[in-house]
Each structure stands twice: as structure tokens, then as C-alpha cells.
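Chain identifiers are assigned alphabetically (A, B, ...) following the order of the sequence lines, protein sequences preceding nucleic acid strands; residue numbering begins at 1 within each chain.
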Amino acid sequence: MAHSETEPPEEETLRRWERKQAQLKANVIEEDTEEWQKDSTFAGLERVGGVDLSYAKGNNTIACASLVVLSYPDLEVLYEDCQMVTVSAPYVAGYLAFREAPFLVEAAQRLQEREPGLRPQVLLVDGNGVLHHRGFGVACHLGVLTGLPCIGVAKNLLQVDGLAKDELHKEQIRDLQMGGAMFPLRGTSGRVLGMALRSYNKSTKPIYVSVGHRTCLESAVRLVQSCCRYRIPEPIRQADIRSREYIRKNLSSPLGGTSPGPGRKEEAEPKH
DNA sequence: GCGACAG
DNA sequence: ATCTTGTCGC
């Protein structure tokens, strides 16, 4: 029987990951490299991608990696790829990319093989970009490995470089009156690492946008906001919805078919 | 001992 | 990320 939990990383593993991040970081581009980004209406932008991983309940290693491509600006799903995967790296804050990125890179490669014409012009990643302990979050990681412009979108603030959920931060959030309101996340270093954005009028909790690859923060925030029907930008939201639905359909009942509402519980681990 | 901790 | 019930509102 396979393990259902990932082991904590060895100290040596963390060192190796840090070296890898530093190595890849040299390739990050934090500026617009596409013409459509400079246009106020994003003229020329037709496809926006989104990626996400959902995990099977009660199991830390079984997950579904999903990549979707949406039309822009209509946000209709043009492409969907869900793939069951076995995650081996543990989750460690600051090293999320080593747990999730490999499967998302694979998904991007499948897309390139199957439907090269549907390749997204920008990829929204759930997690951070340069808003990260070492300035290299999963969105940067994916950007460098795929060459695609990437934007990090986190649902929670990663408290780094002096950023904290302190009283000042909470007050700044309260001051975000309407959808579209935002404030910069300036670290102790003086650097602006990202933007807190009230993406949806009805949600008071902001999302945290940061540069991943081949984009500037201004374009990134503007694009993310233009993709929000709800709090979470549609590409990521669709990837999330579809990946968890995929898990539900493929794992809820070993025999397939719809399982009755309440009253399911898979135990029964036959021993010798 | 207490707080932090993207997903 | 996932575990969980009801609840308030359109």
C-alpha cells in the first residue's frame, strides 16, 4: 500500500531546493514582454490559462492537477485538462513549487502537444510570485519552466519581508471600499512585492497578486481584476472547480456511479 | 512556550 | 489543501 502521507523534508532537501530556486530565479523577467499587456484594453489577448491542484480528502498524496484555458474577455472555457497525480514532496511554506509545479509543467506540455493553438498567452497560478521568502514563488517557478507569462494569485497573505496581518494591514483592508480597490504590499526592504486587491464587490477579503514571469505588477493586477466574476479570478476558479469535481467522480466510489448522499466511509484495509 | 504556516 | 452546518441574502 502506498503511503498516504508525505514525509517531512530532510535538511539536505531544503538546501537543494533553495539552490534550485536561486538558480532558476536568474531567469525571471519582471516586466511586460508582450504587446497586449501594454494596451489599456488588452487588445490582442485572447486566451488566459489557470492552474490548480485539488487533493483527495484524507490523503495527502493523491491529487488532481488541472489546467484550463479561457477565452478573453469572455472567459469561456476553451480547454480543460484534469490528471490524477501522486504527490511525493511535502508541503513546506516557501517551497510549494517543489510539491505542485512538476505536475503543472506536465499539463502545460500536454497542452502544447495536443492543442498548440490553444496555448495561453498568460497563466494565472494559485500561489505567489515574487511575494515570497526568496523572491521566487510557484508562479515564478512555473513561468521560468514554461516560458509563459505568469501571475501569482494567493488567497492568503504570505508574511514575508516584514509584511504581516497586523492592525495596519487590517485597516488597509477595511479601507478597500469597492471592487477594484487595492493597496501595495511594501516590505521592510522598501520593495513593493505585490498588491492586495478587492477583486469582488461582495467579498471583503482581498486576494494577493504578485508578478510571476514576463509581466509587471500593474498589468498583472489589471488583468486579474478583469478576470474576476467572483473573488477568485475565473481561470483559477475553473481549474479549482474542475479538479475537485474530477476527484469526486473518480474517487468517491470505486465502482463508479453516483454515491448516495451521506453515509460513505471507505475504510476496509484488508491485512494478512 | 507562542506564533507562523502560499497550497 | 481538507475537515465541516447552518445561515444570510439575492
So [X], base contact, sugar-phosphate only, or nothing? Heavy-atom distance under 4.0 Å.
{"X": "A/Asp126", "value": "sugar-phosphate"}
{"X": "A/Val138", "value": "base"}
{"X": "A/Gly94", "value": "base"}
{"X": "A/Phe98", "value": "nothing"}
{"X": "A/Asn156", "value": "sugar-phosphate"}

Answer with yes or no whether the hydrophobic clustering places A/Met195 together with A/Leu157; edges join I, L, V, M, F, W, Y residues whose side-chain heavy atoms lie under 4.5 Å apart. no

Is there a chain of hydrophobic side chains (I, L, V, M, F, W, Y, each step under 4.5 Å between heavy atoms) that links A/Val122 to A/Leu118? no

Measure the distance from [atom1] on [X] to [atom2] on [N] and round it to the nearest whole Å.
{"X": "A/Leu104", "N": "B/dG7", "atom1": "CG", "atom2": "C1'", "answer": "11 Å"}
{"X": "A/Asp240", "N": "C/dA1", "atom1": "CG", "atom2": "C1'", "answer": "10 Å"}
{"X": "A/Ile247", "N": "C/dT2", "atom1": "CD1", "atom2": "C1'", "answer": "10 Å"}
{"X": "A/Leu251", "N": "C/dT2", "atom1": "CG", "atom2": "P", "answer": "13 Å"}
{"X": "A/Phe103", "N": "B/dG7", "atom1": "CZ", "atom2": "P", "answer": "18 Å"}
{"X": "A/Lys57", "N": "B/dG7", "atom1": "NZ", "atom2": "C1'", "answer": "19 Å"}
{"X": "A/Tyr95", "N": "B/dA6", "atom1": "OH", "atom2": "P", "answer": "14 Å"}
{"X": "A/Arg248", "N": "C/dT2", "atom1": "CZ", "atom2": "P", "answer": "14 Å"}

When the C1' atoms of B/dC5 and C/dT2 are compared, how many Å lie between them, rounded to an integer? 15 Å

To the nearest 0.5 Å, atom CG of A/Leu123 lies from atom NE2 of A/His213 at 11.5 Å

Expected rows: protein N/O vs nucleotides 7-10 of chain C N/O, under 3.5 Å:
none

Relative to A/Tyr95, does A/Arg134 satisfy both conditions: NZ or CZ under 6.0 angstrom from the six-membered ring centre, and within 45 degrees of the ring's axis? yes

Does A/Arg47 make a cation-pi contact with A/Tyr72 (under 6.0 Å, within 45 degrees of the axis)? no

Counting just side-chain N and O atoms, does A/Lys155 come under 4.0 Å of either OP1 or OP2 of B/dG7? yes

With a 4.0 Å cutoff (strictly under), does any side-chain N or O of A/Tyr55 reach OP1 or OP2 of B/dG7? no

Out of B/dG7, B/dA4, B/dA6, which has the shortest distance to the side chain of A/Gln159? B/dA4

Using the salt bridge (Lys or Arg N to Asp or Glu O under 4.0 Å) rule, take A/Glu167 and A/Arg174 through it: C-alpha gap first, then chi angles, then the decisive distance, then the call. CA-CA 10 Å; A/Glu167 207 38 58; A/Arg174 281 193 297 272; 3.5 Å; yes

How does DNA chain C look in dot-bracket notation if pairs are Watson-Crick or G-U with both distances under 3.5 Å, crossing ones as [ ], other-strand ones as |? ..........

List the atom of A/His169, the atom of A/Asp166, and the distance in Å for their closest heavy-atom pair. N-OD1, 2.8 Å

Nearest non-hydrogen partners of A/Pro233 and A/Leu124, listed with the distance: CB-CD1, 3.8 Å

Could you walk me through whether A/Val224 and A/Val209 satisfy the side chain to side chain contact (heavy atoms under 4.5 Å, CB included) test, starting with their C-alpha distance in whole Å, then the side-chain angles of each, then the deciding distance to 0.1 Å, before giving a yes or no? CA-CA 8 Å; A/Val224 166; A/Val209 180; 4.1 Å; yes

By centroid distance (under 5.5 Å) and plane angle (under 30°), are A/Tyr208 and B/dA6 in a stacked arrangement? no

How far apart are the C-alpha atoms of A/Glu30 and A/Arg191, what are their side-chain angles, what is the distance that settles it, and do they pass the salt bridge (Lys or Arg N to Asp or Glu O under 4.0 Å) test? CA-CA 13 Å; A/Glu30 289 186 46; A/Arg191 171 135 198 253; 2.7 Å; yes

